[in-house]
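Read the numbers this way: they start at 1 and go in the same order the structure lists the ligands and their atoms. Heavy-atom basis, side chains included; hydrogens, waters and symmetry copies ignored. FYI, the numbering just counts along the sequence from 1.
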Amino acid sequence: MAERYDLVVVGAGPGGSSAAYHSAKAGLNTLLIDRQEFPRDKTCGDGLMPHAASEVALMGLADWLDEPHHGKFTGFSIYTRTAYLRQGVPPTLHGPTGYVVKRQETDARLLERATSAGAHLRAGVRATDLVRSASGRVAGIEATKAGESLRFETPIVVVADGVGGFAGKGMKAHQNAVARRQYFRDVAGPDKRDLHVFITEDMNSHGAGYGWVFYLGDGRANVGAGVSTASLARTGRNLKDFYDRFLEEPQLAAWLENATPEGPPTSWSLKMGMWGAKRYGQGLMAVGDAGSMIHPVSGEGVGYALESGRLAASWVHEAHVRHDFSASVLSGYERQLKHRRAREHLSGYALVNLVPNMVLLDPIFKACEKDPEARRTLLEVFTGDSPVYSLLKHPTTLAKALRDGVTERLNRA
Ligand SMILES: Cc1cc2nc3c(=O)[nH]c(=O)nc-3n(C[C@H](O)[C@H](O)[C@H](O)COP(=O)(O)OP(=O)(O)OC[C@H]3O[C@@H](n4cnc5c(N)ncnc54)[C@H](O)[C@@H]3O)c2cc1C
């Protein structure tokens, strides 16, 4: 006989563990499955923005975050073709500190919180299909483990399978960026309490992308680069080529001169910007990357996965209280998500898709360098804490950027 649960969560990354933790804590009989065994790694920059850290703290892990081997950051250093912007973490970012923690450890901790709260974990189990009743309602999932077929009954499924696409037929979201990272020991860059972000000409001449150096607290750094899939299509180049060129940028090459790589670089894809994804349906909600919740400018997704998992859990609870798993009830999840995040995500999505190349924006970075208020807003746009159009609050700086941009174009012509 098939096992029956109040809720099945597919995928035990941050989004799935958050949904399972908050559901189990609310007393729901929760099953969490993942196709992998834990601890497992996930290719990532390992950065936990302050808002992600506050979600982690909500899951009872505030003390764990402060362990000495975790990187802690209190500022950002952004390098572009012509500008250098240094900015402390703005107070609008839910606290003064962010963290850099290997995902292998973060995800294992979050998962442990979900199971401590009472969620049942089945690792090594791959969800293969949704089961629907004759009337089309979600009735459970089919799965496999080492060749054995399994079936779990439930009136509601939270899809948290990252870019996996398990519920693809009804809940489509497209991958629109790719990124690659590698660990290095003894990177010689300055100020290890900053996140270092490089908006290079190479990655931004035909689209959008950036490279990064994020320091862990144990002498290692996560060094990576991500570009939009549009950049790949426009240039005919692959991600490895962009990444290798990033390592050769003179500034980074100097930082890496005496650094030792640890393990090979690995790559993964990203679904960004909320745009075009269906995040709910009868008996279904998608959270985290499965719901395209990565911010399209920063590429940050862990905090949004945790937040959307928590919100989805509250709607699972609501649906059980009402005995109603209809799309109309679960649309409340979408409304709440959009209310919290759509302005920042959708305006960021428009920016990276409508501006043909980010090099055109270089005069804005340069003009913001000397204007602390504008610099702070620009950083909030980057981190997803302000919509792109909030830069209009700084007309003098924008006018200067426009003037400088036009002058430079005329000089180049
Ligand atoms: C190179 C790179 C750098 C990044 N850097 C950052 C960063 O610094 N900070 C940040 O916040 N974000 C970053 N991101 C984004 C971040 O990694 C994701 O947003 C985050 O992992 C999303 O979490 P999730 O729970 O939605 O999905 P995931 O973490 O991808 O978890 C999905 C889980 O689902 C499981 N699964 C998949 N299919 C199935 C199936 N059919 N059945 C069962 N289980 C299944 C997988 O095994 C996996 O464990 C980066 C991404 C990349 C690629």
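Between Asp404 and Lys400 there is a salt bridge, since a side-chain N of the basic residue sits under 4.0 Å from a carboxylate O of the acidic one.
Using bins of under 30°, 30° to 60° and over 60° for the plane-to-plane angle, the ring pair His345/Tyr304 lands in the perpendicular bin.
The list of salt bridge (Lys or Arg N to Asp or Glu O under 4.0 Å) pairs with a residue in residues 208-230, not counting sequence neighbours, reads Asp218-Arg220, Arg220-Glu262.
When only modelled atom types and interatomic distance are considered, Thr377 and Ser390 share no side-chain donor-acceptor pair under 3.5 Å.
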Quick one: ligand 1 N/O to protein N/O pairs below 3.5 Å?
from	atom 1	to	atom 2	distance (Å)
ligand 1	5 (N)	Gly45	N	2.7
ligand 1	8 (O)	Asp46	N	3.4
ligand 1	8 (O)	Gly47	N	3.0
ligand 1	9 (N)	Gly47	O	2.8
ligand 1	11 (O)	Gly47	O	3.4
ligand 1	11 (O)	Gly301	N	3.1
ligand 1	11 (O)	Val302	N	2.9
ligand 1	12 (N)	Gly301	N	2.9
ligand 1	14 (N)	Gly299	O	3.4
ligand 1	17 (O)	Lys42	NZ	3.2
ligand 1	17 (O)	Arg103	NH1	3.1
ligand 1	19 (O)	Asp289	OD1	2.6
ligand 1	19 (O)	Asp289	OD2	3.4
ligand 1	21 (O)	Arg103	NH1	2.9
ligand 1	21 (O)	Arg103	NH2	2.9
ligand 1	25 (O)	Pro14	N	3.2
ligand 1	25 (O)	Gly15	N	2.9
ligand 1	26 (O)	Asp289	N	2.9
ligand 1	29 (O)	Arg103	NH2	2.9
ligand 1	41 (N)	Ala127	O	3.1
ligand 1	42 (N)	Ala127	N	2.9
ligand 1	44 (N)	Arg35	N	3.0
ligand 1	47 (O)	Asp34	OD1	2.7
ligand 1	47 (O)	Gln36	NE2	2.7
ligand 1	49 (O)	Asp34	OD1	3.3
ligand 1	49 (O)	Asp34	OD2	2.6
ligand 1	49 (O)	Arg40	NE	3.0
ligand 1	49 (O)	Arg40	NH2	3.0

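Stacking of Lys240 on the aromatic ring of Phe242 is not recorded, the 6.0 Å distance cut-off and the 45° axial limit not both being met.
The two atoms that bring Ala114 and Ala20 nearest to each other are CB-CB, 4.1 Å, heavy atoms only.
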